[in-house]
Structures are given as C-alpha cells and as structure tokens.
> 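Have a look at the structure that comes next, please.
Computation of the quantities below employed the complete heavy-atom set of this structure, encompassing side-chain atoms and omitting hydrogens, waters and symmetry-equivalent molecules.
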Amino acid sequence: MNLTLEALQIIDTIDRKGSFAAAAAALDRVPSALTYSVRKLEGDLDVLLFDRRGHRAKLTAAGQELLAEGRHLLHLAEELEQRVKRTATGWEVELRIVLDGIIPFAHVLPLIAAFDREAAGTRLRFSYEVLGGTWESLLSGAADLAIGAGYGGPDLIQMSGKFQTRALGEIEWIYAVAPEHPLAREPEPLTANVMQRHRAVAVGDTSRNGPGMTAGLLSGQETLTVPSINDKLAAQLAGLGCGHLPRILAAPHLAAGRLIEKKTIESRPGAASQYAWRSSAARGKGMKWFLTQLADPVTQRRLLGLDPAL
C-alpha cells in the first residue's frame, strides 16, 4: 500500500503549518525528508497533492480530498493507540451500564462527573430498561453493570456464579389516585375487590425473551401500560388510572393536592433495589471504581432520590 499513516501525518502538518519548513520543525524532521515523502506519494498515486506556487503550500483538489478522509483515519489511529494504552493500564475501553427505569438519570450525573475526574479515558455507555429487561441486559452481555434492578433477578443470576448482586436501598411505595378518580371517594383501607374494578397504570417490563415481571397488579385488572415511571405519574395525575408510586416521586403532588394517598389492605409487593455486575468485569479499574461508589450509602441515597439535598 502506497498510503501510510506517516504520509498522512506529514500532509496534515504541512497543511496546518502552511509550509514544508514549518511542518518539518513541528515534526522534528529536515525539510528535505518531508519533500521526498510527499513527492514519492505523489508519484505513487500519480496525482499532484500540493500547489507549490507562492509562499504557502496549498493543497490541490486531490490533496484536499485525500486529507479530508486522511484526518479521519489519523483520528481513528490515535484513538486506537489510546485504547490499547488504557487497556494495558487496567482501565476499560468502555463500560456499559444499564439503569432500571426507577433511577432518574439526573441522579447519575454527579457519579459521572466524579468518574470524569479520574481522567481514565473509559467511555461510559448508559441505557435504560425496566424490571426484567434490566436483568436481561446483564444476562445477555449487553451491559456490564446494572443499577436499580428490582427483585431477586432470574435464577441464572443467583445460581450461575457469574454475577454478583448487592442491595442499593429500599424505595417506599404508596397507592395514589387523582382527586377526581372514583377511588378517591372510597372508604379506606381499599380492598383488592374495590381496586380490581379500576384500571391500573403500570410501567411496561422491557424483557424481550423472558416472561416479564409485574408488581402491584391484581389478577384480571384492566391495565394501561406506559413506557416509564414518569409517564405512570403523569397518567395517574390525569386521572387515567390508579396504582403505586414511589413516595419520593409523589410527595410534591400529594402536598399540592394533585394526588391523594389511599391506604390499602394489601401493600405493594416489593424488594430492595439492587446493583449487579458480571463477575468477570470486576477486574477492570473502571468497574472497581463504580462498585466502590455504589457501596457508599450517600451515593445509594442520591441515586434513589432519598437525599434531601436533591
């Protein structure tokens, strides 16, 4: 191959510096060496890359086309070099983190900012799933770390030995309806028979291959399925259904009278939110950093929205 990264770097430097002499000084080479390299490439490609008339080295149309694509290749080569160096030092090239829908992304931002201060160079890729979809993302290898996963997870998570789980914290759930909803006028505590006659609002499980999970729904109850916990809140504020909401999310609407909390005979089945990771991924410095942070009670409360400062 006639075209090399070294030749592209020379052409790029000449164009940026404006002359062969200035480029030679920047590259710590003698001008004649750059002239030889450019002329050899022009001969190999049978094109003229520089218009040498005048004091400034100016690219021809062919040279501009070559450099436009060439700079992209130089950037990729530099990125590859940095990735190889990062891998050698123990930092991952990329960490894929799946958040359960119960975790607002705004609560993750301080964690990202703190990781940036490590200057590790590891790319962070976040995605969202709900209920079983969060576990499925970890099981399929689409994610290295799951944050906010609910319940115990599939048996394969618990039994295979390939995954580790830790408690993130408890979320208090309350049953709430809009003031104009029929259940707002029903005597408390609400029975299952009374609640079952009214449509529930539920966040859809994003599992693609598993049976999916549900929480707080009654057998035979009509259901409005929505994409996220914020959409569930909006639907219940609009009086379009009933159901459980995290107290921290419902609190300002309860205080303003836009929602009414209702006591029920049966409480919402629940479990601690968890974070989980692939055991093999814990060798990287980036994963170790996140696991240390996630074990901190302050970080846990911030992620779940239980920090009063939020």
Side-chain angles (χ1 to χ4, degrees), residues 92-108 111-112 115 122-171 173 200-219 221 223-233 235 243-246 249 268-284 286-291 293-295 299-300 303-305:
E92 301 89 335
V93 174
E94 181 178 80
L95 268 179
R96 300 162 300 166
I97 302 173
V98 59
L99 304 174
D100 189 83
I102 201 66
I103 305 292
F105 195 70
H107 296 180
V108 184
L111 199 59
I112 298 173
F115 185 74
T122 299
R123 291 195 304 265
L124 301 179
R125 181 183 295 274
F126 287 90
S127 59
Y128 263 111
E129 298 290 347
V130 176
L131 292 173
T134 307
W135 293 110
E136 188 174 274
S137 186
L138 196 62
L139 276 169
S140 68
D144 306 304
L145 172 65
I147 301 177
Y151 303 92
D155 290 341
L156 187 56
I157 290 282
Q158 303 299 324
M159 306 298 293
S160 71
K162 296 181 179 179
F163 304 90
Q164 298 289 322
T165 62
R166 297 289 185 275
L168 186 64
E170 295 280 353
I171 296 175
W173 294 83
V201 183
V203 181
D205 185 295
T206 56
S207 298
R208 295 161 183 81
N209 301 313
M213 299 178 180
T214 60
L217 296 179
L218 300 170
S219 178
Q221 187 175 22
T223 305
L224 171 64
T225 303
V226 297
S228 72
I229 190 70
N230 285 324
D231 296 321
K232 174 176 165 63
L233 172 63
H244 293 88
L245 290 166
L249 186 64
R268 179 189 188 273
S273 290
Q274 301 173 76
Y275 59 100
W277 66 96
R278 305 179 69 84
S279 300
S280 59
R283 293 189 290 266
M287 179 65 83
K288 289 178 180 177
W289 185 93
F290 269 93
L291 294 179
Q293 298 300 313
L294 290 170
T299 299
Q300 293 175 355
L303 289 171
L304 294 176

> Is there a side-chain contact between I112 and F126 in this structure, where contact means two heavy atoms from C-beta onward sitting under 4.5 Å apart?
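Result yes, sub-4.5 Å side-chain heavy-atom pair found.
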> Is Q293 close to L111 at the side-chain level, that is, under 4.5 Å between some pair of heavy atoms?
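Yes, close enough: below the 4.5 Å cut-off.
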> Closest heavy-atom contact between S279 and F163?
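S279 and F163 have their closest heavy atoms at OG-N, 3.5 Å.
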> Do L145 and V98 make a side-chain contact, defined as non-hydrogen atoms from C-beta onward lying under 4.5 Å apart?
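A side-chain contact is absent here, since even the closest heavy-atom pair is not under 4.5 Å.
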> Quick one: CD on Q164 to CZ on R278, what's the gap to the nearest 0.5 Å?
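Taking CD in Q164 and CZ in R278, the distance rounds to 12.5 Å.
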> Out of curiosity, I97 CD1 to Y275 OH, how far, rounded to the nearest 0.5 Å?
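The OH atom of Y275 is 13.0 Å from CD1 of I97, to the nearest 0.5 Å.
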> Got a second to check how far L95's CG is from R123's CZ, nearest 0.5 Å?
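Between L95 CG and R123 CZ, I get 10.5 Å after rounding to 0.5 Å.
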> Classify the angle between the aromatic ring planes of F115 and F290 as parallel (below 30°), tilted (30 to 60°) or perpendicular (above 60°).
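F115 vs F290 ring planes: tilted.
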> Please step through side chain to side chain contact (heavy atoms under 4.5 Å, CB included) for the pair T165 and W135, ending with a clear verdict.
CA-CA 11 Å; T165 62; W135 293 110; 4.0 Å; yes
> How many angstroms lie between CD1 in I102 and CG in L249, if you round to the nearest 0.5 Å?
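The CG atom of L249 is 7.5 Å from CD1 of I102, to the nearest 0.5 Å.
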> Does the side chain of L168 reach to within under 4.5 Å of the side chain of I103, using non-hydrogen atoms?
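L168 vs I103: side chains touch.
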> Could you give the distance from CD1 (I229) to CG (L245), rounded to the nearest 0.5 Å?
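These two atoms lie 6.0 Å from each other.
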> If I compare all heavy atoms of G132 with all of S207, which pair ends up nearest, and what's the gap?
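Closest heavy-atom pair between G132 and S207: C-OG, 3.0 Å.
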> Looking only at heavy atoms, what is the nearest atom pair of H244 and K232, with distance?
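Taking every non-hydrogen atom into account, O-CE, 2.6 Å.
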> Without swapping roles, check the side chain of S127 against the backbone of R125 for a donor-acceptor pair under 3.5 Å.
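Pair absent, no side-chain N/O of S127 close to backbone of R125.
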> Using every non-hydrogen atom in the two residues, find where A143 and L138 come nearest and quote the distance to one decimal.
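The pair with the smallest heavy-atom distance is O-CD1, 3.5 Å.
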> Which atom names give the shortest non-hydrogen contact between V201 and A235, and what distance separates them?
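So the two residues come closest at CG1-CB, 3.9 Å.
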> Could you measure the distance from the OG1 atom of T134 to the CD atom of Q274? Nearest 0.5 Å is fine.
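Reported to 0.5 Å precision, the distance equals 11.0 Å.
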> With side chain to side chain contact (heavy atoms under 4.5 Å, CB included) as the test, would you mind laying out the steps for Q300 and R166 before giving the verdict?
CA-CA 11 Å; Q300 293 175 355; R166 297 289 185 275; over 6 Å; no
> Say whether S228 and N230, considering side chains only, have a donor N or O and an acceptor N or O under 3.5 Å apart.
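Their side chains do not contain a donor-acceptor pair, so the 3.5 Å distance test is not met.
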> Is any side-chain heavy atom of L294 closer than 4.5 Å to one of L303?
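L303 reaches L294 side chain to side chain.
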> If you compare all heavy atoms of V203 against all heavy atoms of L131, which two are closest, and at what distance to 0.1 Å?
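What the structure gives for the nearest pair is O-CD1, 4.4 Å.
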> Backbone N or O of A142 within a donor-acceptor pair of the S137 side chain at under 3.5 Å?
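No, the answer is negative, given that no donor and acceptor are paired below the 3.5 Å cut-off.
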> Give the C-alpha distance, both sets of side-chain angles, the deciding distance and a yes or no for side chain to side chain contact (heavy atoms under 4.5 Å, CB included) between S273 and D100.
CA-CA 9 Å; S273 290; D100 189 83; over 6 Å; no
> Indicate yes or no: does R96 engage D144 in a salt bridge with an N to O separation below 4.0 Å.
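Answer for the salt bridge query: yes.
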